Every structure is written in structure tokens, then in C-alpha cells.
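All values derive from a computational prediction rather than experimental measurement. Throughout, numbering of the chain's residues begins at 1 and tracks the sequence.
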Amino acid sequence: MNRATRFAASVASTVVALAFVASTSSAAVLVNEPFTYPDGNLVGNGGWTAHSAAGLMPIQVVSGEAVLDQGSGSREDANVSFSVGQSATAKTYVCFDLTVPPSITGSADYFAHFRNSATFVYPARIYVRPTANTWSVALSASSGGATQFWPSELNYNQKYKIVAAYDASTGGVELWVDPVSEASPKISEVVATVAGDAVNTYALRQGGGSGGMQHVDNLRVGQSFAEACDLPVPAGPATWGAIKASYR
């Protein structure tokens, strides 16, 4: 086999290898939900099921977004299962677009969280907190109310990228607003008593502790920050430069 033939064969095998790595990386995207359904009930689409108050004030899809309507009385909560179950020591990330209209009232209440279908720990609960003319986002590792608050106020009717993570090995939770990377500013908390919860679904909640709406779009759950936020994932050590260098 001459040099040209060997080089061509190496290129072909590398393309196959890179495609395999890319496919295994994407397999770790546990949920990819753009909410591209007709307007109407969310439950019944894309694997979403109700786990509380099924059919009562059901979560709606409106113009390609999930709309949560918070208020008094029983209201539907729904979840979607991961494509791959997480272990009791795994770290899981979620990323979604969030828009809050100027309608929220009352105290901070949570609207989204990780979930284990067999438990009620619900780690990394994400809250909205109304203020006079703005709102903010907050976080808790589990029950007991919001404990960590985003340090700056957010604007109504503005879309924000929200990222949260739950580390089952420690009970740690983290939250970012419009991050450019995992090293961006965040809020966090560690509660060891919630460690070991092997989450396997992501949930959207309509609670009674506050009023108003949240619009959620482009929800992704992954085993890494990059996967959840749909960022480039390094394919591996093989590069075209390395291939060329090996045949000089």
C-alpha cells in the first residue's frame, strides 16, 4: 500500500471514529425538548406525563413554548423521562430559555426541578421571585424554600438562558443565568442529606405559592454543561493535523 492509499485509508477510518465519538456524545443528551407542538395541552406530547393534579389547569403549549400558569388551587405538574437513567453519583445539567411576563405576585415559588419518579426529593428547585418592577431567580437543593438568590434583578419579557445542575454524589446544586461557560458566575448550595438521589426525569410545576406565568423553551438535559447547553463537545484527540503529520 503506497503513501497516498494509506493516507486515504487513515482519513476514512478517522471519519468513522469521529462519527462514533460524536454519536456517543449526543447519546448523553438526556432530554431535547423544543416544544414544537400544536397549541394545547403539553401532556401527551413528547413523552410528557402528569405526576400531580393531572388535567387540572393543564400546562399549555403556546406558540412553541411551555406556559406555566401559577396560582391558587390544584394545578397540573408534568415531567419527561431521560433517555438514559442517571446514577446515584452522577452530575446532571439542565438548560432552557425562560421569559417571565410582568404578572407574577406573591412569594418566591419553584416551577422546575429534577425528579426521581420513586422519591419526592426534587433537587435543584428553580424559583421566581417578584419584586416591585423586576423579578429574580432563586435556587434550593431540596424542600424548605429558596435559599440562594441570584444577586441581580431580571427584566420582565426578556428571554434568559437558565442553566442548573445537580451533583448526586454531594447533594450540590448550581444555577447560572446567561452563562457563556461553566466557569461563568453562579449561585450554589450543598445539602448532603439530598445526595444519592438518582434523578431520571425533569419536571415543570404549577404551584400555588405565587401567581403569574413562566414561558419555558428549548429545554435540554445532559450529562455535561456542553450537552445541556448544546455547545460543541470535543470529539477526541484525533485531528487532521495529526493524520498529516503521521504520513510526512
Taking it one step at a time, do Asn155 and Tyr160 satisfy side-chain contact (heavy atoms from CB on, under 4.5 Å)? CA-CA 9 Å; Asn155 298 319; Tyr160 294 94; 3.5 Å; yes
Salt bridge (charged side-chain N to carboxylate O under 4.0 Å, His left out) pairs, two or more places apart, involving residues 120-133: Arg129-Glu153
Could you list the donor-acceptor pairs under 3.5 angstrom formed by side chains in residues 49-64, with sequence neighbours left out?
{"from": "His51", "atom 1": "ND1", "to": "Asn79", "atom 2": "ND2", "distance (Å)": "3.0"}
{"from": "Gln60", "atom 1": "NE2", "to": "Asn41", "atom 2": "OD1", "distance (Å)": "2.6"}
{"from": "Gln60", "atom 1": "NE2", "to": "Pro58", "atom 2": "O", "distance (Å)": "3.2"}

Which residues pass the side-chain hydrogen bond (donor to acceptor under 3.5 Å, both in side chains) test with Glu76, sequence neighbours left out? none
Can you name the residues that form a ring-ring contact (aromatic ring centres under 6.0 Å, His included) with Tyr122, not counting sequence neighbours? His113
Test of understanding: with side chain to side chain contact (heavy atoms under 4.5 Å, CB included), list the residues that count as partners of Ala164, not counting sequence neighbours. Val94, Ile126
Residues which pass side-chain hydrogen bond (donor to acceptor under 3.5 Å, both in side chains) with Lys159, listed by chain and number, not counting sequence neighbours: none
Can you name the residues that form a side-chain hydrogen bond (donor to acceptor under 3.5 Å, both in side chains) with Ser81, not counting sequence neighbours? none
Got a sec: does the CG of Asn133 have more than 12 other heavy atoms crowding it under 6.0 Å? no
Using the salt bridge (charged side-chain N to carboxylate O under 4.0 Å, His left out) rule, collect all pairs that involve residues 135-145, keeping only residues at least two apart or in two chains. none
Which residue pairs pass the salt bridge (charged side-chain N to carboxylate O under 4.0 Å, His left out) test with at least one member in residues 132-142, sequence neighbours excluded? none
Any pair counted as salt bridge (charged side-chain N to carboxylate O under 4.0 Å, His left out), so long as it reaches residues 56-70, sequence neighbours left out: Asp69-Arg75
According to side-chain hydrogen bond (donor to acceptor under 3.5 Å, both in side chains), who are the partners of Trp150, at least two apart in sequence or on a separate chain? Ser152
Stepwise side-chain contact (heavy atoms from CB on, under 4.5 Å) check, Tyr202 with Leu30: CA-CA 10 Å; Tyr202 198 75; Leu30 308 177; over 6 Å; no
Just distance, no hydrogens or angles: give the donor-acceptor pairs under 3.5 Å from side chains in residues 177-185, sequence neighbours left out.
{"from": "Asp178", "atom 1": "OD1", "to": "Lys161", "atom 2": "N", "distance (Å)": "2.7"}
{"from": "Ser181", "atom 1": "OG", "to": "Ala183", "atom 2": "N", "distance (Å)": "3.2"}
{"from": "Glu182", "atom 1": "OE2", "to": "Tyr93", "atom 2": "OH", "distance (Å)": "2.6"}
{"from": "Ser184", "atom 1": "OG", "to": "Val180", "atom 2": "N", "distance (Å)": "3.0"}
{"from": "Ser184", "atom 1": "OG", "to": "Ser181", "atom 2": "N", "distance (Å)": "3.2"}
{"from": "Ser184", "atom 1": "OG", "to": "Ser181", "atom 2": "O", "distance (Å)": "3.1"}

Are Val31 and Phe35 connected, step by step, through hydrophobic side chains (Ile, Leu, Val, Met, Phe, Trp, Tyr) whose heavy atoms are closer than 4.5 Å? yes
Determine, using the 4.5 Å side-chain heavy-atom cutoff (strictly less than), whether Phe82 and Leu204 are members of one ILVMFWY cluster. yes
